[in-house]
Amino acid sequence: MNVYKAIILVGGPSRGTRFRPLSLNLNVPKPLFPVAGHPIIWHHLEALSKIKGLKEVLLIGFFEDSIFHRFIDDAAREFPKINIRYLREYQSLGTAGGLYHFRDEIQRGDPQQIFVLNADVACSFPLKEMMKFHNTHRGLCTILGTKVAREVANKYGCLVAKPESNEVLHYVEKPESFISDLISCGIYLFDCAIFNEMKKAMQNKKNQVDQDQFMDHDDQLRLEQDLLRPLAESMKLFVYVTNDFWRQIKTAGSAVPANALYLEQYLETNPERLLKKESDGPTIVGCVYKHPTAFVDPSAKIGPNVSIGPRAVIGKGVRIKDSIILDNAEIKANSCIINSIIGWDSKIGTWARVEGTSITNDQIVITQNGVKVPSITILAKEVIVRDEIIIRNCIVLPHKELKTSCHNEILM
Ligand SMILES: Nc1nc2c(ncn2[C@@H]2O[C@H](COP(=O)(O)OP(=O)(O)O[C@H]3O[C@H](CO)[C@@H](O)[C@H](O)[C@@H]3O)[C@@H](O)[C@H]2O)c(=O)[nH]1
């Protein structure tokens, strides 16, 4: 039986800026932000735990060591067959620099193949299908690809592949103009021989530095430009195209559509994880997740696409849809929450309304011509919204108390 390992590229704190204001809660780095009741990378682990022969998952990033301790302890209990560890880069080494730096550690135990997964994606993770496809070609890497709308394709790694074999002919990372609507999902399966290619890529970089007196050598290596592009040129890169769900989780607001995708997946794969309709319970519409320690008043109406975190309290007559309610938040009677994230320990008064605008593609810009772009409303940690206040399309930083209604604003 083949031995597999997996790497999850978790990045580091400085990359979390687009995830503001939720990344301002330093105890919860973006990879651990809860989506559909679990940290983002828990969904990666769950998918990886179904691969026979997968012995170890290494989280590689440049966060403080302690940040993943608790998550790893909990995950080790939940997925006892896989050894989970965090390897810390001494600085940001780029998307392949960490893989190269820790190459001995990764190759220990002699795995034949290695999965590499970006942390910031929500996906059905068709890993078994990728493995099957990988064994049908002579390449070193199978990349998961998906089709996206033409207008957004250049935000991603773009692929042009031979239709009959799916061999990648061109790989261009975030091109300036349109190249293809087939993009990289940031999920890869590599043969171990990839480490020879990384060595070559490192050597190429070094040669360039030697020839250019203005360039300094560093240990950075970019998976996309330094490795995948030459792999495509040498006909060693193949794409497995999925039609299943996939999306990036870049901004805080994009956690809301990702939450909906995972909840809808539960309906197919694990309906027991969803809140059931009961005659004496709240009205449930579509998919809803509630942590066992949360309380929802029986007169509330919840859903679709709502996750309610630990110890949250949802009062009488409350209406919530398309939202994430984080730990210990309280929503008092008759308030309404739509397209929003309600931060840890936040309190919403009675007859209040917190509402955002649903987003289809990930909006990286928050303001345009000085005006806030309509998007998911996000209340960071410990925000208080007084009774009868309306908050629409706003981003609210931690510890704010809102006594007047606000629209289209960033409230610091
Ligand atoms: N360990 C480590 N991880 C990193 C580093 N830099 C980024 N990452 C992690 O690597 C992943 C990719 O992050 P970005 O470098 O921000 O790239 P991107 O804009 O998300 O684009 C990538 O993903 C797209 C799919 O979501 C791809 O389409 C695109 O080609 C590219 O691979 C994320 O999970 C991020 O946390 C680093 O220095 N070290």
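The first residue in the sequence is number 1, and the count goes up from there. Because only heavy atoms are used, hydrogens play no part in the values below, and waters and symmetry mates are left out as well, while side chains stay in. The shown structure was predicted, so the numbers you read here are calculated from the model rather than taken from an experiment. Order of listing sets the numbers, starting from 1, for every ligand and every atom in it.
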Is it the side chain, the backbone, both or neither of [X] that has a heavy atom closer than 4.0 Å to ligand 1?
X	result
Pro31	neither
Phe63	neither
Phe102	neither
Glu173	side chain

Is there a nitrogen or oxygen of [X] sitting under 3.5 Å from a nitrogen or oxygen of ligand 1?
X	result
Lys174	yes
Asn118	yes
Gly94	yes
Ile183	no
Val121	no

Determine, for Tyr171 and Arg229, whether the Lys NZ or Arg CZ falls below 6.0 Å from the six-membered ring centre while staying within 45 degrees of the axis.
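Output no; distance or angle outside limits.
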Face-on cation placement of Arg150 at Phe178 ring, 6.0 Å and 45° thresholds:
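The answer is yes; both the distance and angle limits are met.
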Interfacing atoms of ligand 1 (cut-off 4.0 Å, heavy-atom, [X]):
X	result
Leu93	38 (O)
Cys185	25 (C)
Phe62	37 (C), 38 (O), 39 (N)
Tyr171	30 (O)
Tyr188	32 (O)
Asp120	20 (O), 33 (C), 34 (O)
Gly61	1 (N)
Tyr156	28 (O)

Could you tell me whether the side chain of Ser323 and the main chain of Val306 form a donor-acceptor pair under 3.5 Å?
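Checked: no pair found.
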Quick check: does any side chain N or O of Ser180 sit under 3.5 Å from a backbone N or O of Leu159, one acting as donor and the other as acceptor?
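Yes, the answer is positive, given that a donor and an acceptor are paired below the 3.5 Å cut-off.
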Using the rule given for ring pair (Phe, Tyr, Trp, His ring centres under 6.0 Å), can you reason through Tyr156 versus Trp246, listing the C-alpha separation, both sets of side-chain angles and the distance that settles it, and then say yes or no?
CA-CA 13 Å; Tyr156 306 99; Trp246 176 85; 5.6 Å; yes
Looking at Glu56 and Arg85, is there a salt bridge between them, counting it only when a charged N and a carboxylate O are closer than 4.0 Å?
yes
Around atom NZ of Lys381, are there more than 12 heavy atoms of other residues, nucleotides or ligands at under 6.0 Å?
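Counting other residues, nucleotides and ligands, NZ of Lys381 exceeds 12 neighbours.
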Have a look at Lys30, Gln248, Glu89, Glu224 and point out the one with the heavy atom closest to atom 32 (O) of ligand 1.
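Minimum heavy-atom distance to atom 32 (O) of ligand 1 goes to Glu224.
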Are the aromatic rings of Tyr100 and Phe195 close, with centres under 6.0 Å apart?
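Ring centroids of Tyr100 and Phe195 are no less than 6.0 Å from each other.
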Member of Asp322, Asn259, Asn339 meeting the side-chain hydrogen bond (donor to acceptor under 3.5 Å, both in side chains) criterion with Asn305
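Filter result, single survivor: Asp322.
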Compare every heavy atom of Val318 with every heavy atom of Lys332, then report the nearest pair and how far apart it is.
O-CG2, 3.3 Å
With a 4.5 Å limit on heavy-atom distance, are the side chains of Ile314 and Phe295 in contact?
no
